[in-house]
Amino acid sequence: MPKRPATLQRMVFKSQIKRRMFSPGEKETSQIEGPTLNNTYGFKISQQNLNNAKSLHEVQHLTLMSMEMHARSRKHLLPDPDLDPVCCIFYHIMCDAPLPGRDTNDVTGLIIQDAAHSTAPGSKDAGLLARSEVSGLDVIHVSKEDQLFHELEQIVHRFDPDILLGYEVQMLSWGYLLQRAAALKRNFKSTISRMKVEPTETQVGVGKNEEDDDFADIHIGGRVVLNLWSQMRSEVTLNIYSFENVAYHVLHQRYPLFNFRTLSDWFDNKTGPFRWKMVDYYVCRVVGNIKLLNQLDFIGRTSELARLFGIQFHEVLSRGSQFRVESMMLRVAKLLNYIAVSPSVQQRAHMRAAECLPLVMEPESRFYSSPVLVLDFQSLYPSIIIAYNYCYSTCLGRVEHLGTNNEFPFGCTSLKVPPDLLSSLRNKLTISPNRVSFVKASVRKGVLPRMLEEILQTRIMVKHCMKDYYGDGALTRLLHARQLGLKLIANVTFGYTAAHFSGRMPCVEVGDSIVHKARETLERAIKQVNETKEWGARVVYGDTDSMFVLLEGASKEQAFHTGKEIAAAVTAANPSPVKLKFEKVYLPCVLQTKKRYVGYMYESLEQKDPVYDAKGIETVRRDGCPAVAKVLERSIKLLFDEKDISRVKQYVQRQCMKILEGRASMQDLIFAKEYRGRSGYKPGACVPALHVARRMFACDRRSEPRAGERVPYVIVHGAPGLPLIQLVRRPQELLQEPSLLINAPYYVSKQILPPLDRLLSLIGVDVFRWYQQLPRSVRVWAAHHQSAAEGRKATIVQYFSTVNCPVCGEITKDGICGRCRRQPQEVSVLLLQQIHSQERRQAQLLQICRSCTGHAEWKPPCCSTDCPTLFRLLVTEKGLCQASYIRSLIDKF
DNA sequence: TCTCCCTCCTAA
DNA sequence: TAAGTTAGGAGGGAGA
């Protein structure tokens, strides 16, 4: 938000209100003749425009430059710009028009520091890359690190990218280069900037002081710097935001991950002529960065929002919602000759507190086998603002203050309404439920109602167009983005009025009126539904703007029929544009608590197969591990599909056994929570993410997670009575340290069963009893696990040699139990089969590993512990142990 | 054991 | 500096 001139800051809104509202002789013309928003923002969408939309927004002459670099690190440490030289820089430049001096839209290249090579083009390295999908690289060889920077500067000048990006630009990519340049006393930052600035001390170094650069943003004059992982956080909901994981979920493509040590070894040809693999690795990533952006249409959508709100591209990404609201609202206000209030911090702090809360009903917690209708008021808060003309510019303050000539508190400031003016407005006022008065639209239409009306109308238009162009994926995506942007701005407009903590222009009277009117609207609708006997309906839950209506014993057809009737009747009972929309039918569903429910959803009568739809429960939350979500979701689906609790029991017991026996994939047992940065916690906070981050920092100061990063961890076994925080480990530690074992009983009894219990206890099932009923051998197995871990010497082999018979699972000390020994023929066939399947599995996994490492066999030092396939390979190793163990048993046998 | 506080994440 | 809001459930630790 550009700062308003100081002279204007003191001009308060209320005086403008008075001037506009009460100056005699002024005609009420603005709502008829005043400029419409259609002209202001170009909101009008014609079919033609829609068809052109995608191509229009694609040719923007924007140049993107994705860059990653490799630095030679020391042993297992991550590269440190104070010590480790940059060896190689990789880039991919893309534009929507041919690049300068080229006939293509993109260039991929690298600058490599290598004294042995000349800068002759077409050298050996490029040839080695023929195997990978990327070819035609621009390769530049340099002999010194300094020249590396020089060449990069040349490239930036030649292609002049608007957007610089890297997957992680704080510690790697651009951030590393800037820090390294500072260490080399090179003024890299201002050289690649588009602005002529004299270098100052602060500009040369970026985040030199690591204590306070948690939120350090990189600013290059005239260019936008994108930190891709951080943007991905708001783009896709994932458990972990590593490049590999995001690429897998967004592009459905697997990328291997190697550590810096492996890459450095390949670069130095220490393990053979593998330099091409290191180049391939980085080239895939620089290209992958751009692929991610394209797949998500990130640039297109951000530009779209920038246009929609009338703000700059990087402001869409870096500024908050108040900024967007102001950008739109002030344009409308300016046309009407209003000026916004700029309250001081003190004024804001002295504003009265809000008094109204949205309605959240306590649901009737149970399993519903009859249809439950879900009806939502469409954009309720904006609709109310429009319908009742609620706005700063139409509010006359609390009713109790009216009628005197005194100035009274109003929002952050104060207001005076002379009694004679008030009397002239008799019958032209509306009173909100919390006794705040507003003038009717016939006196004056408010700024917010004007703005929102246009936004909502446009959104409805866009949604209609989406239906018309259902088949066109790209266009649908664009329109979806646009309508989402409109919805967003409509919804946060209320937040703007009620932002009493950080607001730039909050006004409790307006905000409170909106909440209270919304609450009253919902309560009225609930009453109407409950009291209309012919529907035979009962409201069982409601939250802010939604109603869950139970139709006991009704069929699906009846449900859809009644749903439409209710929506129409409630809509008719409210002023336009307040509209109750019949969203969906749940059949069946479970309402657990406030804001937590799950059901099978039908959106139309024609729909054959229901869609699983959950809100707030563990299947949609990221604070458990994937196993929790998977088991819960599968159980719910089983329950809904089969309506047979014994099937659920069978399934849950099988999954619990899988975990207790250590057969579950470790990836399903990894928690990941957001790390707030070292300074983001209260002193003494006991949080796994912080614990892990501290340990990582202690090992390597460069490896501390970034603020906002999701830090993975697992819970391992430990002595009884130890607090949980002592059992938190990084997944890598679990893999590398043979004495560590997954804390299976914790996962089962503290993670998987409680959410299941919350759900199934509603139908009278005790899942903890299912756990008690598990076969004795399994629980003994788990208990043994525990004691073995406490003994700190347990290994897989040791474990196998002491507990159970590989044939029947019975506990024994003899390898194969006595009962099986009496049937040697059958047992040997069974065991050979087991060996065969284990070995086949191992061969398959080896093939996977080979495809990404290129090694003929799997060798732990070459395949980093970060390799996404390694988790599976380790399972194989355990499997191999089992295979060789069984072999040894057979030999003895 | 119960209560309070902190943390995390989601619904609206 | 710049920052939309509140409600809500749940887990875990510290201390009464």
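Only this structure's heavy atoms are used, side chains among them; waters, hydrogens and symmetry mates stay out. Proteins come first, then strands; the chains are lettered A, B, ... in the order of their sequence lines, and each starts at number 1.
- Pairing each heavy atom of A:Pro409 with each of A:Glu509, the nearest pair is O-OE2, 3.9 Å.
- Heavy atoms of A:Leu380 sit nowhere under 4.0 angstrom from any nucleic acid atom.
- Geometrically, A:Arg678 engages A:Phe697 in a cation-pi contact defined by less than 6.0 Å to the ring centre and at most 45° from the axis.
- Residue contacts for A:Arg324: at a heavy-atom cut-off of 4.0 Å it reaches no nucleic acid atom on any strand shown.
- An OP1 or OP2 oxygen of B:dA12 is reached within less than 4.0 angstrom by no side-chain nitrogen or oxygen of A:Tyr541.
- Between A:Tyr392 and A:Tyr496, the angle of the ring planes goes over 60°, which puts this pair in the perpendicular group of the 30/60° scheme.
- Rounded to whole Å, atom P of B:dT7 lies 10 Å from atom CG of A:Leu690.
- For A:Val620, the side-chain atoms get nearest to B:dT10 when compared with the rest of B:dT10, C:dG4, B:dC8.
- Close to B:dC9, at under 4.0 Å from its OP1 or OP2, lies no side-chain N or O of A:Thr237.
- Closest contact between the side chain of A:Arg676 and the listed nucleotides C:dT6, C:dA3, B:dC8 involves B:dC8.
- A sub-4.0 Å separation between OP1 or OP2 of B:dC8 and a side-chain N or O of A:Tyr681 is present.
- No contact: A:Phe548 has no heavy atom under 4.0 Å from any strand.
- The phosphate of C:dT6 has OP1 or OP2 within less than 4.0 Å of a side-chain N or O from A:His500.
- Residue A:Ser321 is classed as a base contact, given a heavy-atom separation below 4.0 Å to a base.
- Following rounding to the nearest Å, A:Leu238 (CG) and B:dT10 (P) show an atom-to-atom distance of 11 Å.
- Listed nucleotides: B:dA12, C:dG9, B:dT7. Nearest to the side chain of A:Lys682: B:dT7.
- Put simply, A:Arg319 has a side-chain N or O that comes within less than 4.0 Å of OP1 or OP2 on C:dA3.
- Both tests pass for A:Arg676 against the ring of A:Tyr681: distance under 6.0 Å to the centre and angle within 45° of the axis.
- A cation-pi arrangement is present between A:Lys517 and A:Tyr388 under the rule of less than 6.0 angstrom and at most 45 degrees off the ring axis.
- Residue contacts shown for A:Thr544 are limited to sugar-phosphate atoms, with no base heavy atom under 4.0 Å away.
- The side chain of A:Ile725 has C:dG13 as its nearest neighbour among B:dC8, C:dG13, C:dG8.
- In this entry the distance linking NZ of A:Lys595 with C1' of C:dA7 reads 5 Å, nearest Å.
- If you take CD of A:Glu355 and P of C:dA7, they are 14 Å apart, rounded to a whole angstrom.
- Nucleic acid contact class of A:Tyr597 (heavy atoms, under 4.0 Å, all strands): sugar-phosphate only.
- Here C:dA7 presents its P atom at 11 Å from CZ of A:Arg519, a figure rounded to the nearest Å.
- A donor-acceptor pair is defined here as one N or O able to donate and one able to accept, closer than 3.5 Å; no such pair exists between the side chain of A:Glu633 and the backbone of A:Lys630.
- Side-chain contact, A:Gln483 with A:Arg459: a donor N or O sits under 3.5 Å from an acceptor N or O.
- If you measure from atom CD of A:Glu618 to atom C1' of B:dA11, you get 14 Å, rounded to the nearest angstrom.
- Look at A:Arg504 and you won't find any side-chain N or O under 4.0 angstrom from OP1 or OP2 of C:dA3.
- For the pair A:Lys581 and A:Phe377, the cation-pi criterion (under 6.0 Å, within 45° of the ring axis) is not fulfilled.
- Across the protein-nucleic acid pair, A:Leu756 atom CG and C:dA10 atom P stand 14 Å apart, rounded to whole Å.
- Proximity note for A:Ser502 (side chain, C-beta onward) versus C:dT5, B:dT10, B:dA12: the nearest is C:dT5.
- Between A:Glu362 and A:Tyr496, the residue whose closest nucleotide on DNA chain C is further toward the 5' end is A:Tyr496.
- In this structure, A:Arg758 reaches the C:dG11 phosphate: one of its side-chain N or O atoms is under 4.0 Å from OP1 or OP2.
- When heavy atoms are screened at a 4.0 angstrom cut-off, A:Val515 is found touching no nucleic acid atom at all.
- Side chain A:Arg621 to base B:dC9: a donor-acceptor pair is found below 3.5 Å.
- Relative to the side chain of A:Pro358, the nucleotides C:dA7, C:dA10, C:dG13 differ in distance, and C:dA7 lies closest.
- With C:dA7, C:dG13, C:dG4 as the choices, the nucleotide that has an atom nearest any side-chain atom of A:Val360 turns out to be C:dA7.
- Using a 4.0 Å heavy-atom distance criterion, A:Glu674 is classed as a sugar-phosphate-only contact.
- Base contact: A:Arg348 has a heavy atom under 4.0 Å from a base atom.
- In this structure, the CZ atom of A:Arg596 is 8 Å from the P atom of C:dG11, given to the nearest Å.
- Among the nucleotides C:dA7, C:dA3, B:dC9, the one closest to any side-chain atom of A:Asp623 is B:dC9.
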